[in-house]
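Below: the structure, in structure tokens.
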Amino acid sequence: MNGKSALGVLLVAVGGIAILKFIGINFGAILGLLLPFILIGFGILGWVNGKKIIGGVLAAIGGLMLLGKLGGILMLLLAIGAIAWGVSMVKKSRHGY
């Protein structure tokens with residue numbers, strides 16, 4: 001693919017996304033969640049191909065972005081774990097008498 005056809009494909013994709021936005025379909029949230037996975041994938045690909053520094057940087061940036069996106073879910077799991085641990089401690093203290 002030469003430069004002109006790559007630019008053509010890019011323009012078609014951007015125009016298509018703009019038209020879908022007017023229709024009411026928004027890809028912002030989907031792309032926001034997929035971008036960290038894409039960066040991690042490119043980082044792993046770079047790491048495998050011998051570009052350890054750039055691969056590590058891309059994977060680290062993708063991981064930090066993913067941690068930010070999934071922070072609410074991680075906090076929910078932490079809260080559930082704390083509740084379960086507290087309940088088990090209360091049950092153990094009652095059986096200790």
Side-chain angles (χ1 to χ4, degrees):
M1 182 180 290
N2 62 13
K4 284 188 176 183
S5 61
L7 180 62
V9 169
L10 180 68
L11 288 173
V12 168
V14 169
I17 291 172
I19 289 173
L20 287 175
K21 185 176 179 182
F22 282 113
I23 294 173
I25 300 170
N26 191 358
F27 286 112
I30 296 169
L31 289 177
L33 189 60
L34 285 179
L35 185 63
F37 290 111
I38 293 170
L39 285 175
I40 291 171
F42 280 142
I44 292 171
L45 187 65
W47 188 275
V48 168
N49 287 332
K51 310 268 190 219
K52 302 230 185 259
I53 293 174
I54 192 71
V57 168
L58 285 175
I61 290 172
L64 289 174
M65 287 174 67
L66 189 62
L67 187 63
K69 300 283 182 191
L70 300 178
I73 294 171
L74 293 175
M75 189 58 82
L76 177 66
L77 292 174
L78 183 65
I80 291 171
I83 291 170
W85 187 21
V87 168
S88 70
M89 289 177 70
V90 168
K91 284 184 178 181
K92 285 181 184 178
S93 68
R94 275 200 258 164
H95 293 297
Y97 291 134

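What you are looking at is a predicted structure, and each value in this text was computed from that prediction instead of being measured. Residue numbers start at 1 and run along the sequence shown.
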Legend entry - Shortest non-hydrogen contact between Gly62 and Pro36, atoms and distance: O-CB, 3.4 Å

Inset, instruction - Look at the side-chain heavy atoms of Ile, Leu, Val, Met, Phe, Trp and Tyr, link any pair under 4.5 Å apart, and say whether Leu64 and Leu34 land in one connected group. - result: no

Legend entry - Transitive ILVMFWY cluster of Met89, excluding itself - 4.5 Å side-chain cut-off: Trp85

Inset, instruction - Determine whether more than 12 heavy atoms belonging to other residues, nucleotides or ligands lie under 6.0 Å from atom CD1 of Ile53. - result: no

Legend entry - Verify same cluster id: Leu67, Leu58 (apolar side-chain graph, 4.5 Å): no

Legend entry - Separation of Met65 CE from Leu39 CG (nearest 0.5 Å): 5.5 Å

Legend entry - Residues clustered with Val48, ILVMFWY side-chain links under 4.5 angstrom: Phe37, Ile40, Ile44, Leu66, Leu70, Ile73, Leu77

Legend entry - Over 12 foreign heavy atoms within 6.0 Å of NZ, Lys51: no

